[in-house]
Protein chains: 2
Amino acid sequence: MGDSKQFQSELEFVDWLKRRASGRAAGLVAGIGDDAAVIQLQGKRDLLLKTELSIEGVHFLNRLHPARSVGHRALARGLSDIAAMGGRPRLAMVSLALGRHAGRAWVEDFYSGLLALAGRFGVALIGGDTSVVPGATMVDVILAGEAEPGRALLRSGARPGDQIYISGRLGLSALGLEALKHPKGRIASLLPRAEIENALRAHLYPEPRCKLGRYLSRRRLASAAMDISDGLSLDLLRLCGASGVGAKIWEDRIPLPGTSFANKAMKKTCLDFALYGGEDYELLFTVAKKKLARLPRRIRGVEIHHIGEMTAKRGIALVRPDGREEPLKPAGYDHFSFAKKLG
Amino acid sequence: MGDSKQFQSELEFVDWLKRRASGRAAGLVAGIGDDAAVIQLQGKRDLLLKTELSIEGVHFLNRLHPARSVGHRALARGLSDIAAMGGRPRLAMVSLALGRHAGRAWVEDFYSGLLALAGRFGVALIGGDTSVVPGATMVDVILAGEAEPGRALLRSGARPGDQIYISGRLGLSALGLEALKHPKGRIASLLPRAEIENALRAHLYPEPRCKLGRYLSRRRLASAAMDISDGLSLDLLRLCGASGVGAKIWEDRIPLPGTSFANKAMKKTCLDFALYGGEDYELLFTVAKKKLARLPRRIRGVEIHHIGEMTAKRGIALVRPDGREEPLKPAGYDHFSFAKKLG
């Protein structure tokens, strides 16, 4: 293992975690330490459940990602899914297979990052499973949330004519990863330092859009929604598939990760990050035309961008700045061809 | 990878799984394929949540465990926890990190085993996450169940004087694993073939005690309960710890995995399996004296055995057949010292 200080047994680890994750969830009857967590449900709510893997060598690399960031990102992935459903996250469980490099210091930093984010989002850690393994570290985070009955934002509700929006800027995480991998590379040297810092933060400590999702759900503003985790081109295709429609997006409306470009190639790179980069955890959502007047340009502090519209014709068309339409080929992260992304 | 036929993409896998896991859960609004599963909860119920890891090299070995058994056991681990809470299992999610040996045939067999057991227990597979990984295969199964409010069986309710029971026989799984590892070894040759077959079945396809747990919970018969997953000596100590009491168990009351012994050493080995072997997934529960008259000797087809009583004095005492009392040292499976068990 990487550090000299270790947990000597499962019992010692569970005791440490119980003290560390001391936050109590409303209605929690039994948490860490019994056979299963028991939760008293209050009022009439739909239950949201999600599980997200974070794997060393696939979703993070030890040489690039500090343990605190690994913990933050592992939880953020699940929070983002709850956000995309318009739900309120409530409870989390963490299954942790600790690999060679994950000693006690790593575990402590991992939970620091995870629990700090959990605290900010009102999420209680109520259980999990742990094992030491000979190979790579693997994390599975389970999120439970709630939504008002019938209000969860599905991927399947978009209709032709609905307008397409995204929150924040796209490609920031991919840009941040590039800067992390090549701190003295072309990209890091061609963009202003503040933009690089911003991208690094977006990659290491992404901010799930739970407040935005709640806003859209409670006001019934979105006809469909999902989070962008594998790149706009791939995720928009999934939303189109679930809704049985197509889409058209305008290239010059897509908010790029950089704003001041040293040259044309740099702008092209940033567009590629926006279209094909993963892990942005922004929300992609559609709004029926009759509801557009009620949609603010910023929601709960997050800018939103109008980037296209749903069409009856299948497939995704990318409208170039000169008006030409091209089919947008889906490309992004596929978890069945690992190591493409982090390499 | 092990087989030539592979899933070509995440999309292909998810499509296959959606068809395969076609069972609908009552109240399921959105399942596999959206950002999160959405479940409409009916009536007043407490929610039970549990997650259990199954890791190649820790919980199973490719050379010993067929994929069908890996799927069965991965789900059985979680079902057993719901059983130990007296709950009714309802939904499952599966996070699957597919390692080198897990090709398409492996995945299909894995889900065959998992879904066959799920079907028998009325559990719907509603989601999960998947990735291909360079190292070992890792499975995380998440179980959601329900219990009548306030009726969940906790570990913490045992009081001095309560009588200790277990279901079924202990050590069968450890005996089965031994026979699996050494099919021509001493143990396999000294026990009758039928007993070896029985132990192999118990190890590869354990039967979670959900009906028994429901019976105890609905009739308020048990003061405390847990499942025996890491060996009686270790798990009883955990129950004692949670309840703040001690225990005394009678060696000759413990139902051993073998019944006809060729010699004394063989009997000793079987006792060790019963006390220290893991993965029996039987229920350990305590009953207050005033309720003993209501406790049948078989419950829902499963024999139950009276093996001891809770004491005010901390620690566990093992009463030998000659009446001597010895402290029972906890030993069993600790997931922080992997490869001890399967080696």
Side-chain angles (χ1 to χ4, degrees), chain A residues 7-11 13 29-30 33-41 45-53 55 57-58 81-82 84-85 87 91 93 95 97 126-136 138 140 142-145 147 149 152 154-156 226-227 242 334-339, chain B residues 7-11 13 29-30 33-41 45-53 55 57-58 81-82 84-85 87 91 93 95 97 126-136 138 140 142-145 147 149 152 154-156 226-227 242 334-339:
Chain A
F7 290 103
Q8 292 308 310
S9 70
E10 200 168 345
L11 192 66
F13 169 76
V29 180
D34 216 306
D35 292 294
V38 183
I39 303 112
Q40 228 163 45
L41 295 165
R45 288 282 186 280
D46 283 355
L47 173 69
L48 307 176
L49 281 180
K50 179 64 185 185
T51 174
E52 285 277 1
L53 287 166
I55 302 169
V58 179
D81 286 305
I82 300 294
M85 304 301 284
L91 311 166
M93 297 192 296
S95 286
I126 59 162
D129 194 7
T130 316
S131 188
V132 171
V133 295
M138 198 161 316
D140 194 29
I142 298 96
L143 252 291
L154 306 184
R155 294 181 180 182
S156 52
M226 70 183 292
D227 70 323
D334 189 299
H335 295 92
F336 274 71
S337 39
F338 63 85
Chain B
F7 290 103
Q8 292 309 309
S9 70
E10 200 168 346
L11 192 66
F13 169 75
V29 179
D34 216 305
D35 292 295
V38 183
I39 303 113
Q40 230 164 43
L41 296 164
R45 289 283 186 280
D46 283 356
L47 173 69
L48 307 177
L49 280 180
K50 178 63 184 186
T51 174
E52 284 278 0
L53 287 166
I55 303 169
V58 178
D81 286 305
I82 300 295
M85 305 300 284
L91 311 166
M93 298 194 296
S95 286
I126 58 162
D129 194 7
T130 316
S131 188
V132 172
V133 295
M138 200 162 316
D140 194 28
I142 299 97
L143 251 292
L154 306 184
R155 294 181 180 182
S156 51
M226 70 182 292
D227 70 322
D334 189 300
H335 294 92
F336 274 70
S337 40
F338 63 86

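Just so we're clear, the structure is a prediction, and the values are computed from it rather than from any experiment. The chains referred to below are lettered A, B, ... by the order of the sequence lines, with proteins before strands, and numbering in each begins at 1.
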Roughly how far apart are [X] [atom1] and [Y] [atom2], rounded to 0.5 Å?
X: Asp81(A); Y: Asp129(B); atom1: CG; atom2: CG; answer: 8.5 Å
X: Met93(A); Y: Leu49(B); atom1: CE; atom2: CG; answer: 4.5 Å
X: Ile142(A); Y: Asp140(B); atom1: CD1; atom2: CG; answer: 5.0 Å

Heavy-atom closest pair, residues [X] and [Y]:
X: Gly128(B); Y: Thr51(A); value: CA-CG2, 3.5 Å
X: Val58(A); Y: Pro134(B); value: CG2-CD, 4.4 Å
X: Ala97(B); Y: Ile55(A); value: CB-CD1, 3.8 Å

Which portion of Ala144(B) sits near chain A, non-hydrogen atoms under 4.5 angstrom
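Side chain of Ala144(B) only, per the 4.5 Å heavy-atom cut-off to chain A.
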
Under the side chain to side chain contact (heavy atoms under 4.5 Å, CB included) rule, collect the residues that match up with Ala136(A), sequence neighbours excluded.
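Glu56(A).
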
Heavy-atom distances under 4.5 Å only: say whether Leu53(A) touches chain B with side chain, backbone, both or neither.
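Contact with chain B is through both the backbone and side chain of Leu53(A).
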
